Every structure is written in structure tokens, then in C-alpha cells.
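Note that the coordinates shown come from a computational prediction; the quantities given were computed from them, not determined experimentally.
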Amino acid sequence: MDHEGAVPLAELLDERRQLLDIAFWVTGDSGAAEEVVAETYRRWYALSAPERRCVTAPRAWLVRVGGDICLSRTTLPEPRAGHAEVTGTAGTATERAEPTEPAGLAGLADLADLARESLRGRRSRPTTAERHDTVVRAVREACATEDPASLASLLAPDAIAFFDGGGKVRALIDPVHGNERIARSLLTLLARRTRTTLHTHSVNGRTGLVARCDDRVAAVIGLGVAGHQAVQVWVVLNPDKLRSWNQQDTTGHH
């Protein structure tokens, strides 16, 4: 999947908030609303890639499906244990198995394992902390100025990026390969808006990036650097994994 499937952070948060508001209005319970939204996104990710591409207005699709789930919860009895609930809202796609949740913030190293074989040679030549910081700060500047050529030059030609939405937001599903595609995906996600800011911050003991939207942490980005370029990028968007970031004091950004 390339940058065409990326969604700006502000839009992702607005979409999720709209779904939660609708679900809470119907159910009157915040816990039930969270369950409805989780099921809504599960049905979105249960669609095949071609089916998702056919959805011309994803937010409208999610709102409709979420509304149907709310109505089914208010009119149908809870399914008995051992019996899977099946609805016709999205056709046979709703009957597919729920996708495995990607690794989260605490497991960024696990995501790195996916690319370890192809990058083993580079990782045998450690990058100094100073060089790592220089590259990350340059990436932040390229994102802030929305400069695709500059950003692509800071990424290795065969770099790989992972986007972990945890099935809780409409994030890219497959890893993105190649510096130009990654650059476009990041710039779409981090599109400059008055509500969105990007700062350097310690991530897993090394300098990384933290994106905020409406003063809340909306994305944490870790980078693996070899030489003068980033070779791996991990973007955590899962609101559950970011909860601790919004509970701690992260004012030490730059």
C-alpha cells in the first residue's frame, strides 16, 4: 500500500471522535461506545484491499456501519457464548477473521524484526547517537517544511516503514517500502495543520519524533538510522498504546 491510503492525523482523530460521539449518543454508555467503535474498525480491516479501495467515502462507510452496530445492540439479544455474531452490514467481509493486532509502542523492537534480515549488514555498523540525532532532526525539519525531496534523501532507497494503528484508527495496513513512498506517506500523515505539531523526543532511549494534534500525542515515530539515512521507520498511531504518552509529562520536546 502506498501513500494514497494514508490519512492526515487531524482527520484520523476527527473520524474516531465522530464515531465515538455517535455511539455514545445511541448507547448512552462510554464503554459500550468504545466497543462499537472497535467493532466498526474491525469490520473495516476485515475488508480486502480491493474492497476498501472501492469505498469512495471511508468515513461515511464507518459512520453507517457504526450506526448499524449500535442499532443491532439495542434491538438484538447478546449472542450466546460460543456463537459468533454475524451481520450483513458489510457483506461476507464481516465474517472474516479479525486481523492480528500489530505490535505496539512497547514492542517497537518486534516490528524491527520484520526487516532485520535485509538490514543485517547495515545494523552491524552502529550509528553514533550524535549521527542518529542529526538524521532525526533533519527528518523533522523536512516534515515540518513539507519537502518531499529532502525527506526522501534522508531515507535509504530500500527503507521500510510500519504504521501501527492497532485496528483502532484508519492507518496504513501493510509496510511501506522505498524512500519516496515513505516520504509521501509521512507527509500525508503529518500534513501541516494549525492543530498538528511535530517535535523531537526520546523514543525507546533514542531520539524520535512525537506528533501532537490538539495538544494530545497522536503519533510516536521511531527511526532506525544507518550511516546518514534512516532505514526503518515505526509509526505508532494506536490510541491505546499512546495513552501513557498523554498521561506523562512530555514537555521536554524541541
Side-chain angles (χ1 to χ4, degrees), residues 1-3 5-24 30-49 51-52 55 58-59 61-63 65-66 69 90 93-94 96-115 160-177 182 185-186 188-190 196 198 201 203-204 208-214 216-224 232-248 250:
M1 179 178 294
D2 60 21
H3 69 289
V7 181
L9 275 177
E11 184 177 335
L12 285 180
L13 297 185
D14 287 347
E15 176 182 279
R16 180 173 172 82
R17 172 50 54 191
Q18 180 181 10
L19 293 173
L20 284 169
D21 287 346
I22 292 172
F24 180 77
S30 58
E34 288 281 357
E35 292 175 1
V36 167
V37 173
E39 175 62 21
T40 300
Y41 280 112
R42 275 195 289 269
R43 296 188 185 186
W44 170 258
Y45 285 115
L47 298 175
S48 66
E51 287 172 329
R52 283 193 299 273
V55 179
R59 185 188 290 201
W61 186 96
L62 291 165
V63 167
V65 171
I69 294 171
T94 61
R96 299 192 182 94
E98 178 184 350
T100 302
E101 180 179 341
L105 186 59
L108 287 178
D110 295 333
L111 285 177
D113 290 341
L114 297 175
I160 184 170
F162 304 91
F163 294 79
D164 173 16
K168 301 299 180 68
V169 293
R170 190 160 46 88
L172 291 168
I173 298 173
D174 299 323
V176 178
H177 298 267
I182 294 173
S185 296
L186 287 175
T188 298
L189 180 73
L190 303 172
T196 305
L198 183 66
H201 196 284
V203 176
N204 282 5
L209 300 172
V210 171
R212 289 175 173 80
C213 186
D214 297 332
R216 289 185 60 81
V217 174
V220 172
I221 304 172
L223 296 99
Q232 297 170 337
V233 181
W234 307 281
V235 183
V236 177
L237 300 161
N238 184 343
D240 292 345
K241 308 290 177 56
L242 297 175
R243 187 171 292 118
S244 62
W245 282 79
N246 283 302
Q247 293 171 344
Q248 63 180 295
T250 57

Residues forming a side chain to side chain contact (heavy atoms under 4.5 Å, CB included) with [X], sequence neighbours excluded:
X: Gln18; value: Ile22, Arg59, Val63
X: Ala211; value: Leu9, Leu190, Leu198, Ala219
X: Glu34; value: Arg16, Leu20
X: Leu62; value: Glu15, Leu19, Thr40, Tyr41, Trp44, Arg170

Could you give the distance from [atom1] ([X]) to [atom2] ([Y]), rounded to the nearest 0.5 Å?
X: Trp61; Y: Leu47; atom1: CH2; atom2: CG; answer: 4.5 Å
X: Ile173; Y: Phe162; atom1: CD1; atom2: CZ; answer: 15.0 Å
X: Leu209; Y: Leu223; atom1: CG; atom2: CG; answer: 5.5 Å
X: Ile221; Y: Phe163; atom1: CD1; atom2: CZ; answer: 8.0 Å
X: Ile160; Y: His177; atom1: CD1; atom2: NE2; answer: 4.0 Å

*Check whether any side-chain heavy atom of Pro8 lies under 4.5 Å from a side-chain heavy atom of Leu189, and answer yes or no.*
no

Which heavy-atom pair separates [X] from [Y] by the least distance, and what is that distance?
X: Ser244; Y: Lys241; answer: OG-O, 4.1 Å
X: Pro239; Y: Gly165; answer: CD-O, 4.5 Å
X: Thr196; Y: Cys213; answer: OG1-SG, 4.0 Å
X: Ala218; Y: Leu242; answer: O-CD1, 3.3 Å
X: Val203; Y: Gly208; answer: CG2-CA, 3.8 Å
X: Trp234; Y: Gly224; answer: CZ3-N, 3.4 Å

*Return the set of residues passing salt bridge (Lys or Arg N to Asp or Glu O under 4.0 Å) with Asp240 (not counting sequence neighbours), or none when no residue passes.*
Lys168, Arg243

_Arg216 and Leu13: CA distance, side-chain angles, deciding distance, side chain to side chain contact (heavy atoms under 4.5 Å, CB included) verdict_ = CA-CA 10 Å; Arg216 289 185 60 81; Leu13 297 185; 5.9 Å; no

_Donor-acceptor contact present, side-chain Asn246 to main-chain Val217, <3.5 Å_ = yes

*Quick one: which of Val220, Val169, Val7 gives a side chain to side chain contact (heavy atoms under 4.5 Å, CB included) with Leu237?*
Val169

